[in-house]
Protein chains: 2
Amino acid sequence: MDSFGDIIRKLREDKELPLRTVAAFLDIDQAILSKIERGQRNPSRGQVVKLAEYFKVKENDLLVAWLSDKLVYEVEDEDMALRALQVAEEKVKYIAKNKKK
Amino acid sequence: MDSFGDIIRKLREDKELPLRTVAAFLDIDQAILSKIERGQRNPSRGQVVKLAEYFKVKENDLLVAWLSDKLVYEVEDEDMALRALQVAEEKVKYIAKNKKK
DNA sequence: TTTATATTTGACAGATTGTGTCAAAATATA
DNA sequence: TATATTTTGACACAATCTGTCAAATATAAA
């Protein structure tokens with residue numbers, strides 16, 4: 001069950017690239033990338049998109065990993081976490097359905 | 001598919017109370033409560049708990065409505081919304097399982 | 001219509017959180 | 001040792017959050 005940080009750390013280490021290089025591509029300090037990889041900072045949506053481009057992986061897959069991390073963070077210390085996620089799913093389906101019309 | 005705001009607006013209107021009265025109990029300006037009821041502001045967790053107490057409804061039910069609203073807000077204009085919610089569910093289950101040990 | 005009450009709106013202020021830089025400390029590698 | 005890499009924390013600035021307030025709007029009563 002990899003978090004977003006785990007995923008991009010693996011991608012980077014597989015290519016044996018230093019933080020410095022990837023961070024330069026993202027146009028941020030390597031300190032931030034280090035923190036992103038260890039889940040101490042939340043990347044911006046734009047950074048996620050850039051990372052997908054950089055590592056040539058599906059943008060949507062990375063976006064799902066990133067978004068789901070944010071959702072988990074939002075509910076993580078709530079007893080009602082699972083119920084809330086399930087209700088949110090219903091609400092999203094409901095909204096999507098009524099948008100089509 | 002009622003949002004948190006819809007729920008508390010109904011509770012308040014059923015009892016024919018003005019915003020002023022409920023807002024005073026929450027110790028905030030009525031303007032904020034008005035915005036909360038129409039989904040323009042996000043209440044704090046503490047306010048949700050107070051509202052459950054005030055209207056004598058199950059705290060957890062209100063918390064679920066509130067939390068799920070926040071989750072929907074977080075993903076609402078993402079194509080990957082549903083996938084992200086589903087992955088988040090798996091992650092939450094995974095975390096809960098490994099916490100027990 | 002007027003008058004009174006309730007709700008909504010938007011400008012504003014202060015507190016909090018987010019986003020990034022930087023340099024020093026810690027860790028790993030040669 | 002030296003050298004490269006990663007991690008940490010202090011800091012600054014920007015952005016968002018949380019609430020107040022007063023004016024505008026809507027609703028209801030006389």
At a heavy-atom distance below 4.0 Å, what parts of [range] sit against DNA chain C?
{"range": "residues 42-53 of chain A", "answer": "Asn42(A), Gln47(A)"}
{"range": "residues 20-41 of chain A", "answer": "Ile28(A), Asp29(A), Ala31(A), Ile32(A), Arg41(A)"}
{"range": "residues 62-72 of chain B", "answer": "none"}

Quiz prompt | Of all pairs that satisfy side chain to side chain donor-acceptor pair (under 3.5 Å), the ones with a partner from residues 48-59 of chain B, not counting sequence neighbours | solution =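 Found none.
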
Quiz item: On DNA chain C, which is the earliest and which the latest nucleotide, 5' to 3', with an atom closer than 4.0 Å to a heavy atom of chain A?
Solution: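 Under 4.0 Å from chain A, the extent on DNA chain C is dT19(C) to dC22(C).
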
Practice problem: Mind listing the residues from residues 10-19 of chain A sitting with a heavy atom below 4.0 Å of DNA chain D? Number order is fine. | Solution: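 Nucleic-acid contacts, sorted: Arg12(A), Pro18(A), Leu19(A).
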
Can you give me every donor-acceptor pair (side chain of residues 78-90 of chain B, partner residue at least two apart or in another chain, under 3.5 Å) with its distance?
| from | atom 1 | to | atom 2 | distance (Å) |
| --- | --- | --- | --- | --- |
| Glu78(B) | OE1 | Arg45(A) | NH2 | 2.9 |
| Glu78(B) | OE2 | Arg45(A) | NE | 2.7 |
| Arg83(B) | NH2 | Asp61(A) | OD1 | 3.0 |

Self-check item: Partners meeting salt bridge (Lys or Arg N to Asp or Glu O under 4.0 Å) with Asp2(A) (sequence neighbours left out)
Solution: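 Expected list: Lys10(A).
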
Exercise. Using salt bridge (Lys or Arg N to Asp or Glu O under 4.0 Å) as the criterion, list what pairs up with Lys91(A), not counting sequence neighbours.
Key: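 Scan of Lys91(A) (salt bridge (Lys or Arg N to Asp or Glu O under 4.0 Å), adjacent residues dropped) gives Asp69(B).
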
Would you mind writing out the side-chain donor-acceptor pairs for residues 14-28 of chain B within the sub-3.5 Å range, not counting sequence neighbours?
none

Quiz item: Could you state the interatomic distance from CZ (Arg38(B)) to OG (Ser3(B)), rounded to the nearest 0.5 Å?
Solution: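 If we round to the nearest 0.5 Å, Arg38(B):CZ and Ser3(B):OG are 11.5 Å apart.
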
Quiz item: Counting a pair only when it is Watson-Crick or G-U and both distances are under 3.5 Å, which runs of at least 3 such pairs involve DNA chain D?
Solution: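 Stem segments, range with range: C:1-30 with D:1-30.
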
Quiz item: Linking Ile, Leu, Val, Met, Phe, Trp and Tyr through side-chain heavy atoms less than 4.5 Å apart, which residues share a cluster with Met1(A)?
Solution: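 Members alongside Met1(A): Tyr94(B).
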
